[in-house]
Every structure is written in structure tokens, then in C-alpha cells.
Amino acid sequence: MKTYQACLQSHANCVVCSDGDQNPHSLQLRFTHVTENEVAADYRVNKKHQGYINLLHGGIASTLLDAAMTHCLLAKGIEALTAELNVRFHTPVLVGDSVQIMGRLISQRRGIYLLEATLSVAKQVCVKATGKFIQPKGGVIHRELSV
Ligand SMILES: CCCCCCCC(=O)SCCNC(=O)CCNC(=O)[C@H](O)C(C)(C)COP(=O)(O)OP(=O)(O)OC[C@H]1O[C@@H](n2cnc3c(N)ncnc32)[C@H](O)[C@@H]1OP(=O)(O)O
């Protein structure tokens with residue numbers, strides 16, 4: 001089984017979790033293990049990431065939840081692609097809010113991993129997601145570009 005550190009190399013330039021040297025536009029999130037099947041990260045909402053004035057863009061919120069679920073699998077040595085993402089926006093999140101993002105593995109059946117993730121402010125869940133993840137055939141995730 002690959003280690004978490006080794007799995008991180010598969011997305012070394014990631015817009016969510018690489019360091020600023022690798023990608024200056026990265027949100028530079030750091031996920032930590034909470035339990036065997038759970039990871040978490042903290043993030044303060046930057047005004048660059050608003051959609052409607054002073055509200056966190058829903059696409060960015062979805063990205064954070066997708067990343068939490070991905071890291072949950074990476075922490076278990078599993079590199080899989082998002083095959084399906086379902087997001088429910090309960091409460092707007094504001095610029096400047098400190099948010100906690102959690103990802104949790106729910107189940108695994110016939111190569112399809114089902115996960116859930118939450119984005120909370122002061123312990124109130126504002127955005128919730130479920131996702132299905134699948135390991136690509138042959139296991140190769142990254143691609144070479146022809147140009
Ligand atoms: C911070 C870290 C960030 C890292 C990145 C974050 C995660 C991402 O953004 S990943 C990028 C976005 N996702 C992608 O680009 C994925 C694009 N899709 C794909 O590559 C493929 O469709 C992939 C790999 C998901 C599945 O491909 P493949 O294995 O060929 O699937 P396929 O043969 O169609 O299906 C395999 C099985 O899964 C099932 N399946 C496929 N999709 C789904 C789904 N959404 N729900 C349920 N079942 C599904 C199929 O029915 C099939 O079942 P069975 O074997 O019983 O027939």
C-alpha cells in the first residue's frame with residue numbers, strides 16, 4: 001500500500017493542497033487524520049474566493065469538499081477519481097469565516113468508494129456533500145500533456 005506522502009505526489013501541483021512554490025494559486029490546505037476513516041482541514045475564506053458579494057463561491061466550497069473526500073482515500077493509500085459529487089448548500093459562508101472541512105469514508109463496494117464531507121463554521125454545518133470515487137483502470141491517474 002502507498003503511504004499518504006507518496007499519494008500526495010500524484011497531485012503535487014494541486015490547486016487545493018500543494019504548497020505555494022508548486023502552485024501560487026493553491027489554497028494550501030493541510031489535511032490531518034482525525035480517525036482511521038476521517039480527515040480534516042481548516043481554512044479562512046479569502047475574498048478572492050467569493051461569488052456573490054462577500055459569500056464563498058459554491059464551486060469553491062464544492063472543491064474543498066471534494067478535496068476532503070479525496071484526502072480521506074489518499075490517507076488510506078487509495079488514489080481514486082471523483083466519479084460523482086452531490087452538494088447541498090444549507091447556509092451561506094462569508095468571506096473571513098474560519099471553516100472546518102471534514103471528509104469521511106462511508107463504504108466501499110465493488111471498487112466504488114462512497115464518502116461524505118462537511119464544511120462547518122463554528123460547528124454549524126453549512127455545506128454537505130456525498131461523493132463516489134473510482135480507481136481508474138490500470139491505476140494511472142496523472143496524464144502527460146502533448147504540448
Ligand atoms: C486535494 C486533492 C485533490 C485531488 C483531485 C480531486 C479529485 C478530482 O478532482 S478527480 C478529477 C475529476 N474526475 C474525473 O476526471 C473522473 C473522470 N471519469 C473517469 O475517469 C472514469 O469515468 C472513472 C475512472 C470514474 C470510471 O471509469 P471506468 O473505471 O472506466 O468506469 P466504468 O467502466 O464506466 O465503470 C466501472 C464501474 O463503475 C460504475 N460507475 C461508474 N461511475 C459511476 C457512478 N458515478 N456511480 C455509480 N457507479 C458508477 C459503472 O457502472 C461500472 O460498474 P460495473 O463494473 O458494475 O459495470
Side-chain angles (χ1 to χ4, degrees), residues 1-51 55-90 93-121 123 125-147:
M1 184 183 99
K2 267 189 165 178
T3 64
Y4 182 46
Q5 283 308 319
C7 287
L8 294 182
Q9 290 313 308
S10 64
H11 61 291
N13 307 323
C14 179
V15 68
V16 175
C17 63
S18 68
D19 63 35
D21 293 339
Q22 296 286 105
N23 181 348
H25 303 295
S26 171
L27 299 172
Q28 300 185 43
L29 254 64
R30 290 287 165 270
F31 286 94
T32 55
H33 245 123
V34 179
T35 66
E36 191 193 340
N37 289 323
E38 211 169 19
V39 297
D42 297 319
Y43 164 71
R44 185 180 285 273
V45 178
N46 188 303
K47 64 180 181 191
K48 284 185 201 158
H49 301 137
Q50 62 187 293
L55 300 193
L56 174 63
H57 193 293
I60 303 285
S62 307
T63 299
L64 295 171
L65 296 173
D66 183 34
M69 294 188 273
T70 305
H71 274 266
C72 206
L73 292 175
L74 295 175
K76 298 173 88 63
I78 300 159
E79 290 173 313
L81 293 169
T82 315
E84 196 172 304
L85 184 63
N86 189 293
V87 186
R88 174 101 189 253
F89 300 91
H90 293 280
V93 178
L94 305 184
V95 167
D97 277 347
S98 289
V99 306
Q100 189 186 44
I101 303 134
M102 298 200 68
R104 194 172 302 115
L105 177 62
I106 304 298
S107 63
Q108 166 186 351
R109 203 166 69 91
R110 297 179 60 233
I112 300 176
Y113 299 88
L114 180 63
L115 290 99
E116 66 179 17
T118 54
L119 190 158
S120 309
V121 177
K123 299 197 163 110
V125 173
C126 301
V127 192
K128 222 188 246 179
T130 56
K132 286 180 189 167
F133 291 75
I134 298 180
Q135 286 173 300
K137 293 185 178 90
V140 178
I141 300 255
H142 70 271
R143 306 287 155 89
E144 301 302 331
L145 298 179
S146 53
V147 284

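Counting convention: from 1, in listed order, for ligands and their atoms alike.
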Q: Evaluate the side-chain proximity of L27 to V15: yes if any heavy-atom separation is below 4.5 Å, no if none is.
A: no
Q: Considering only distance and modelled atom types, tabulate donor-acceptor pairs under 3.5 Å from the side chains of residues 55-63, sequence neighbours left out.
A:
{"unit_1": "H57", "atom_1": "ND1", "unit_2": "G59", "atom_2": "N", "d": "2.8"}
{"unit_1": "S62", "atom_1": "OG", "unit_2": "G58", "atom_2": "O", "d": "2.7"}
{"unit_1": "T63", "atom_1": "OG1", "unit_2": "G59", "atom_2": "O", "d": "2.7"}

Q: Taking C-beta and beyond as the side chain, do D42 and S98 meet within less than 4.5 Å on heavy atoms?
A: no
Q: When you measure from the side chain of N23 to the backbone N and O of N13, does any donor-acceptor pair fall under 3.5 Å?
A: yes
Q: Kindly state each residue pair satisfying side-chain hydrogen bond (donor to acceptor under 3.5 Å, both in side chains) with at least one member in residues 68-77, sequence neighbours excluded.
A: Y4-H71, N37-K76
Q: Would you tabulate the side-chain donor-acceptor contacts of residues 104-111 under 3.5 Å, counting partners in other chains and residues two or more places apart, or write 'none'?
A:
{"unit_1": "R104", "atom_1": "NE", "unit_2": "E38", "atom_2": "OE2", "d": "2.7"}
{"unit_1": "R104", "atom_1": "NH1", "unit_2": "E116", "atom_2": "OE2", "d": "2.5"}
{"unit_1": "R104", "atom_1": "NH2", "unit_2": "E38", "atom_2": "OE2", "d": "3.0"}

Q: Extract all N/O-N/O pairs under 3.5 Å that connect ligand 1 to the protein, and present each with both atom names and the distance rounded to 0.1 Å.
A:
{"unit_1": "ligand 1", "atom_1": "9 (O)", "unit_2": "D66", "atom_2": "OD2", "d": "3.4"}
{"unit_1": "ligand 1", "atom_1": "13 (N)", "unit_2": "T82", "atom_2": "O", "d": "3.0"}
{"unit_1": "ligand 1", "atom_1": "29 (O)", "unit_2": "K137", "atom_2": "NZ", "d": "3.3"}
{"unit_1": "ligand 1", "atom_1": "30 (O)", "unit_2": "K137", "atom_2": "NZ", "d": "2.8"}
{"unit_1": "ligand 1", "atom_1": "33 (O)", "unit_2": "K137", "atom_2": "NZ", "d": "2.6"}
{"unit_1": "ligand 1", "atom_1": "45 (N)", "unit_2": "E84", "atom_2": "OE1", "d": "2.9"}
{"unit_1": "ligand 1", "atom_1": "46 (N)", "unit_2": "E84", "atom_2": "OE1", "d": "3.3"}
{"unit_1": "ligand 1", "atom_1": "56 (O)", "unit_2": "R110", "atom_2": "NH2", "d": "2.9"}

